[in-house]
Number of protein chains: 2
Amino acid sequence: MTRETASSQTSIANVAALANVSTATVSRVLSGQRSKDDDIAQRVRQAADQLNYSANFAASSLRSDVTRTIGLVLPQISEEETPTVLLNSLSAAIRAANRYLLLAVGTDAQEQSKDLHSFLARGVDGLIIISDSSADSLIDSLNQAHKDLPIVQIGGKSLTPHISWVGTDESEAMRMTVDHLAEQGAHAIAYLSREIETYTAADLFTTFYTQAKALDLTPDPDWVQFGPCTMERGYQAALSLFQGRRIVPDAVVCASDAVALGVLIACRHINLRVPEDVKIIGYGDSPACELAQPALTSIHPVYEDMANEAVRIICERTTGKPRLPSYRAFKPELIYRESTWSPRTGSSDMTLPGAVDY
Amino acid sequence: MTRETASSQTSIANVAALANVSTATVSRVLSGQRSKDDDIAQRVRQAADQLNYSANFAASSLRSDVTRTIGLVLPQISEEETPTVLLNSLSAAIRAANRYLLLAVGTDAQEQSKDLHSFLARGVDGLIIISDSSADSLIDSLNQAHKDLPIVQIGGKSLTPHISWVGTDESEAMRMTVDHLAEQGAHAIAYLSREIETYTAADLFTTFYTQAKALDLTPDPDWVQFGPCTMERGYQAALSLFQGRRIVPDAVVCASDAVALGVLIACRHINLRVPEDVKIIGYGDSPACELAQPALTSIHPVYEDMANEAVRIICERTTGKPRLPSYRAFKPELIYRESTWSPRTGSSDMTLPGAVDY
DNA sequence: CTGAAAGCGCTAACAT
DNA sequence: ATGTTAGCGCTTTCAG
């Protein structure tokens, strides 16, 4: 039963023969399980090189039950759902850790749950999930799977305490936001939150409220609104805040860049100057922030750090000991742009990065 | 040597025992290699269900030399390089084909070449590459690898005739663009091309020139410029086209949306109205097109079709016969927006479709 | 430290 | 059509 295998013509036996050692020795040398770098090791490496040998992946996984593969489950690839920076960073981190990245885009909880099982059956070494879906099917799957595998969730609301979580310190983000607006002279801040039931919207609101009061920034109850993170919603919310009102806010904190962009457009339509009349701040630091006119100040989650931490957790050696879930919230950065701060140079100068009107 | 394997507790032998058949039969039933759906098949499926069995992936691949895995090699995840729509579509197509997606983001030709080899060693069943790099290392790798595997390149300039190519019919795109501008009343069209050495810039220029002449649109030699696809370049090019000139174009065709956005900004700075004084058209239909003010008309490559075709080529059964590379250029769509066409409703009406996600 | 040999779980060949 | 059996190529015992 001799077949031409497409994947690897040359096997460990060939290398062993050429180096005049046993296959076991070749395996040990090439996988670094051998102390000395003596004559034998040299011969083996040279033979492997000469034959252009690389180990058959399936055989190796079958035997050792290690795939050096990390599964990534996402709801969708888009700036709002999964910032491309995060994806690039994850890919880089996984490459640096000498692993492979298996990607599945599952648009709903059911698909994601299926992806997860399919990854388990395939034998990934770890799982990264980015999702806000709190469907039972998904959470059950996670609670089941975490026993076999390290699983890390990135961002969003922690789906289950059994798996690790990496994300942004949102309360800190809110504090930075409010402080920044106060520094820029804002006195009356509105807050366009996410849906109350998603994420830690309640916690965030509390932080917002506390911080605003501490700074004497009188948050009017009507100025805090919960809703979806879309441009349309930002647009409508802005109209409701500013039109036909005697007292209006002079700053708007938005739960997402999309909402902030909607507010920005609304302001143009009703002839409010940004930042002079209204300051606007977004969340996520998406590429559109720099394209906006004026460029949009936004909270920049440290995606690179989050990606590295997620991969670190998964690759962590836990020989013997049970895995314990870890939780890590990174302090984000506030990216100052024109929407909260009038630069000395003329606005929309092309030497500034970006600057597209919309 | 009995170990607790993390991936799959239950093996095909368990299922065989429970169903009271041989392992071979179980394998055949579950992989659909068996004609009838008789009593035996029922028993096997039920047993598999009951034991929550799923085949060990490594063992299956090792034996059959099939991994149901497609490798995707990219330069970077960003709207310009690899539209997120394309990525989502690829993922969906691969899911529909019941395959896995292995992703590698290699920022330069050398990394991409390494990724490619690493995928080969891993035994992917096929390879999709998105790249414009014409580095020898990469092309050599492709020329070598295509003998073992189906490889499809998506977009960009065909790297080697040995691998399949799927992309956009750029000449058709150019024809549509010029025709559209003529219809909208443009008489003097400028063309900001890509670098002459990249892609089929020369072919495109020829199409542009021929089509413009056929429609009596006198393309001034100074109005055709080659350069990088950046906003900055679009901005500078626009200034050079419009400032201090007696005769200026009334339409600008851009090789990318980024260039078009740069032109848009320049026009605002020098007080040219879009589309009244100048019509602008981009390429790629990136999310920023809808955010721009005025919204940017752009060529929309049919990413979904391209993704499906790429996956189809890879999954194609070629029993016996050698694989022949296929080339397929899809006719794109022209998305009419305000930058070439004054709508009846007020500009940037929030009820316009798509003013939500970006 | 090295080599011999077992066997990971599955599928394909072969025999019935 | 089903069962029996031989490996796929590797890693890891186990013996020396």
Asker: To the nearest 10 degrees, what angle separates the axes at the start and end of the helix from dC1(C)-dG16(D) to dT16(C)-dA1(D), five pairs each?
Answerer: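 The helix from dC1(C)-dG16(D) to dT16(C)-dA1(D) shows an end-to-end axis angle of 30°.
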
Asker: Output the rounded distance in Å from CG (Asp38(A)) to C1' (dT2(C)).
Answerer: 11 Å

Asker: Quickly work out the Arg68(A) CZ to dT11(D) C1' distance and round it to whole Å.
Answerer: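 Rounding to the nearest Å, CZ of Arg68(A) and C1' of dT11(D) are 14 Å apart.
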
Asker: I'd like to know whether Val21(B) forms a side chain to side chain contact (heavy atoms under 4.5 Å, CB included) with Val44(B), so could you lay out the CA-CA distance, the side-chain angles of the two residues, the decisive distance to 0.1 Å, and finally the verdict.
Answerer: CA-CA 8 Å; Val21(B) 291; Val44(B) 169; 3.8 Å; yes

Asker: Identify which nucleotide among dG9(C), dG3(C), dT4(D) has an atom closest to any side-chain atom of Ser11(B), counting heavy atoms from C-beta outward.
Answerer: dG9(C)

Asker: Return whichever of Ser27(A) or Ile40(B) has its heavy-atom-nearest nucleotide of DNA chain D closer to the 5' end.
Answerer: Ile40(B)

Asker: Tell me whether the guanidinium CZ or amine NZ of Arg122(A) lies under 6.0 angstrom from the six-membered ring centre of Tyr100(B) and within 45° of its axis.
Answerer: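 Verdict for Tyr100(B): a cation-pi partner in Arg122(A).
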
Asker: Side-chain N or O of Thr23(B) less than 4.0 angstrom from OP1 or OP2 on dC10(C)?
Answerer: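 No, because none of the side-chain N or O atoms of Thr23(B) sits under 4.0 Å from OP1 or OP2 of dC10(C).
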
Asker: Where the side chain of Thr25(A) is concerned, which of dT2(C), dC10(D), dC8(D) is the nearest nucleotide?
Answerer: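 Selected nucleotide: dT2(C).
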
Asker: Round to the nearest Å and state the distance from Arg43(B) atom CZ to dA1(D) atom P.
Answerer: 17 Å

Asker: What are the two closest non-hydrogen atoms of Leu138(A) and Ser133(A), and how far apart are they?
Answerer: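 That would be CD2-O, 3.8 Å.
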
Asker: Just checking Arg34(A): base, sugar-phosphate only, or nothing, at a heavy-atom cut-off of under 4.0 Å?
Answerer: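 Contact class for Arg34(A): sugar-phosphate only.
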
Asker: On DNA chain C, nearest-nucleotide positions of Arg28(A) versus Ala59(B): which is more 5'?
Answerer: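 The 5'-side residue here is Arg28(A).
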
Asker: Passes salt bridge (charged side-chain N to carboxylate O under 4.0 Å, His left out), Arg45(A) versus Asp49(A)? Steps please.
Answerer: CA-CA 6 Å; Arg45(A) 261 192 289 275; Asp49(A) 251 37; over 6 Å; no

Asker: Does atom CD (Gln110(A)) have a neighbourhood of more than 12 heavy atoms from anything else shown, all under 6.0 Å?
Answerer: no

Asker: Has Ser60(A) got a side-chain N or O lying under 4.0 Å from the OP1 or OP2 atom of dC10(D)?
Answerer: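 Indeed not, no polar side-chain atom of Ser60(A) lies that close.
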
Asker: Could you check whether any side-chain N or O of Arg312(A) sits under 3.5 Å from a backbone N or O of Ala307(A), counting only pairs where one atom can act as donor and the other as acceptor?
Answerer: no

Asker: Nearest whole Å is fine: how far is dC1(C) P from Gln33(A) CD?
Answerer: 11 Å

Asker: Just checking Tyr53(A): base, sugar-phosphate only, or nothing, at a heavy-atom cut-off of under 4.0 Å?
Answerer: sugar-phosphate

Asker: Rounded to whole Å, please give me the gap between CD1 in Ile12(A) and P in dG3(C).
Answerer: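 Roughly 12 Å, once rounded to whole Å.
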
Asker: Arg63(A) has an atom CZ; how far is it from atom C1' of dC10(D), in whole Å?
Answerer: 8 Å

Asker: Which whole-number value in Å describes the distance from Asp65(A) CG to dT12(D) P?
Answerer: 10 Å

Asker: Rounding to a whole Å, what distance do you find between Phe57(B):CZ and dC8(D):C1'?
Answerer: 14 Å

Asker: Answer yes when Glu316(A) and Arg323(A) have at least one side-chain N-carboxylate O distance shorter than 4.0 Å, and no when they do not.
Answerer: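 Between Arg323(A) and Glu316(A) there is no salt bridge, as every charged N stays at least 4.0 Å from the carboxylate O atoms.
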
